[in-house]
Amino acid sequence: VYLAGNYDLRTHTDTETGILASKIQQHLPCYLFNINDIKTSLGKIARPGNAVIWLRPSYEQLMVMKYLASAGASQLLIGRTYADLDYVTTDAYDGIRKGLRWLVGRGCRRIAFITPENNPDSPFIAERQTAFYELALEMGIKAEMELVFKRGFKDFKADMDYLSERLFKSGRIPDAIFSTFIPVAYPLMTIADSRGLHPGKDFIFLTFDYEPRLDGWKGVGMLKQMWDEMGDKALEWVLRK
């Protein structure tokens with residue numbers, strides 16, 4: 001089994017990849033690769049009976065995946081879906097449905113939505129956007145266009161300045177803010193705090209994914225992705241194969 005993740009072979013960092021590798025190693029030989037380096041070893045990997053597990057691969061690895069599939073190597077994607085390859089990933093609809101119910105249950109009606117721009121390299125962005133719009137319609141939440149913020153986040157500071165001005169200086173703060181882009185979560189909450197605005201009192205904040213620095217903050221909800229459980233599912237897949 002070959003495990004491709006954001007693993008640094010020089011410093012042996014990336015706990016998530018290392019933990020999964022150790023679980024697999026108890027049953028089968030498991031070799032770690034940095035996700036960008038696996039193509040350099042295709043000669044020995046691309047064989048029937050071998051398996052490659054990709055941890056959050058990007059679109060640029062798709063051609064390598066197609067080559068491995070044509071060579072008969074089994075593949076599993078964790079946290080992504082491409083083509084017809086096996087995958088284990090978060091159910092965006094289920095998570096966002098629970099999150100929106102949590103907001104509605106707290107009386108939120110005007111909900112601001114923060115999302116990155118669509119990117120072929122990150123198909124989960126479009127999936128989360130679609131889930132939000134469909135579920136908002138289903139649950140009677142009015143998605144006001146002036147409260148939908150789709151940003152490129154290439155100039156992070158400029159985008160954060162824009163968001164804080166639109167959200168916290170408009171004179172009409174939304175009941176809730178929902179972000180599907182986790183890097184926004186902590187900076188946005190610290191900006192709100194610096195302006196005397198507090199989640200749980202002035203608005204509710206919900207984010208897709210987990211930001212440990214927001215643990216214990218009142219009025220903050222996080223749709224945590226269960227990476228450990230996904231790793232266990234990957235191990236089950238290996239043993240079945």
Side-chain angles (χ1 to χ4, degrees), residues 16 55-59 77-82 87-153 156 159-160 162-164 166-167 173-189 192 199-200 202-234:
E16 189 180 333
L55 185 59
R56 293 190 293 276
S58 65
Y59 193 74
L77 281 56
I78 300 180
R80 298 288 186 268
T81 59
Y82 291 124
Y87 65 89
V88 181
T89 191
T90 299
D91 185 335
Y93 277 84
D94 185 57
I96 291 174
R97 179 180 285 107
K98 289 176 181 175
L100 292 179
R101 283 177 178 167
W102 179 71
L103 294 178
V104 170
R106 280 153 181 75
C108 299
R109 289 294 178 268
R110 296 185 68 248
I111 300 174
F113 181 54
I114 300 172
T115 175
E117 294 176 347
N118 286 333
N119 182 340
D121 194 36
S122 305
F124 56 87
I125 292 175
E127 181 185 27
R128 294 173 190 175
Q129 289 175 349
T130 304
F132 171 78
Y133 294 130
E134 288 186 5
L135 291 168
L137 183 63
E138 176 185 307
M139 298 169 68
I141 299 169
K142 187 178 179 183
E144 301 177 27
M145 289 312 299
E146 64 268 21
L147 290 178
V148 174
F149 303 101
K150 186 164 66 172
R151 309 295 295 177
F153 294 108
F156 190 78
D159 283 326
M160 292 305 298
Y162 173 84
L163 289 172
S164 60
R166 292 291 303 275
L167 290 167
I173 298 170
D175 301 328
I177 302 169
F178 175 35
S179 172
T180 62
F181 188 56
I182 191 63
V184 162
Y186 184 72
L188 194 63
M189 292 303 94
D202 299 296
F203 62 93
I204 303 294
F205 181 71
L206 173 68
T207 185
F208 198 102
D209 227 325
Y210 174 63
E211 170 51 79
R213 291 175 293 181
L214 292 178
D215 268 339
W217 283 47
K218 292 183 179 179
V220 171
M222 293 182 276
L223 300 170
K224 184 176 181 180
Q225 300 195 71
M226 309 304 288
W227 295 109
D228 287 346
E229 292 184 14
M230 289 190 227
D232 291 340
K233 292 291 184 183

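None of the values given here were measured: they were computed from a predicted structure.
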For a quick test of your reading: what N or O donor-acceptor pairs under 3.5 Å do the side chains of residues 224-233 make, sequence neighbours left out?
residue	atom	partner	partner atom	Å
Q225	OE1	T90	OG1	2.6
Q225	NE2	D209	OD2	3.0
D232	OD1	K23	NZ	2.8

Kindly list each side-chain donor-acceptor pair under 3.5 angstrom involving residues 130-141, sequence neighbours excluded, with atom names and distances?
residue	atom	partner	partner atom	Å
T130	OG1	A126	O	2.9
E134	OE1	Y93	OH	3.2

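Side-chain contact check for Y186 versus T207: every heavy-atom pair is 4.5 Å or farther apart. Looking at Y82 and Y59, their side chains come closer than 4.5 Å, going by heavy atoms from C-beta outward. Under the 4.5 Å side-chain criterion, counting only non-hydrogen atoms from C-beta, T180 is in contact with F178. Contact annotation: the side chain of P199 approaches that of W217 to within less than 4.5 Å [non-hydrogen atoms, C-beta and beyond].
By the side-chain hydrogen bond (donor to acceptor under 3.5 Å, both in side chains) test, S122 pairs with no residue at all, sequence neighbours left out. Not a single side-chain hydrogen bond (donor to acceptor under 3.5 Å, both in side chains) links D175 to another residue, sequence neighbours left out.
Nearest heavy atoms, G152 versus D159: C-OD2, 4.0 Å. Shown here for P187 and M160, the closest heavy-atom pair between the two residues is CB-CE, 3.8 Å. Looking at every heavy atom in both residues, L167 comes nearest to I173 through O-CG1, 3.8 Å. Here the shortest heavy-atom pairing between R128 and F113 reads O-CZ, 4.4 Å. Contact between P57 and I78 at its shortest, heavy atoms only, is CD-O, 4.1 Å.
Of the inter-residue distances, the one linking I111 atom CD1 with L100 atom CG reads 5.5 Å to the nearest 0.5 angstrom. Note that the CZ atom of R80 and the CG atom of L55 stand 8.5 Å from one another [nearest 0.5 Å]. With rounding to the nearest 0.5 Å, the separation of CH2 in W102 from CD1 in I96 is 14.5 Å. For the atom pair L163 CG and L188 CG, the distance stands at 6.5 Å (nearest 0.5 Å). Summarising the geometry, atom NZ belonging to K98 is positioned 4.0 Å from atom CG belonging to D94; distances are rounded to the nearest 0.5 Å. Between the CZ atom of F205 and the CE atom of M189 there is a distance of 4.5 Å, given to the nearest 0.5 Å.
Within a 6.0 Å sphere centred on OH of Y87, heavy atoms belonging to other residues, nucleotides or ligands number 12 at most.
Listed by first and then second residue, the salt bridge (Lys or Arg N to Asp or Glu O under 4.0 Å) pairs that reach into residues 107-120 are R110-E144, sequence neighbours excluded. Among residues at least two apart or in separate chains, salt bridge (Lys or Arg N to Asp or Glu O under 4.0 Å) pairs with a member in residues 212-223 are E211-R213.
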| task | Using the side chain to side chain contact (heavy atoms under 4.5 Å, CB included) rule, take C108 and F203 through it: C-alpha gap first, then chi angles, then the decisive distance, then the call. | result | CA-CA 9 Å; C108 299; F203 62 93; over 6 Å; no
| query | Going through the distances and angles, do F124 and T89 end up as a side chain to side chain contact (heavy atoms under 4.5 Å, CB included)? | reply | CA-CA 10 Å; F124 56 87; T89 191; over 6 Å; no
| Full working for side chain to side chain contact (heavy atoms under 4.5 Å, CB included) between L223 and L206 | CA-CA 8 Å; L223 300 170; L206 173 68; 4.0 Å; yes
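For R166 and F149, the positive end is not near the middle of the six-membered ring at less than 6.0 Å and at most 45° from its axis.
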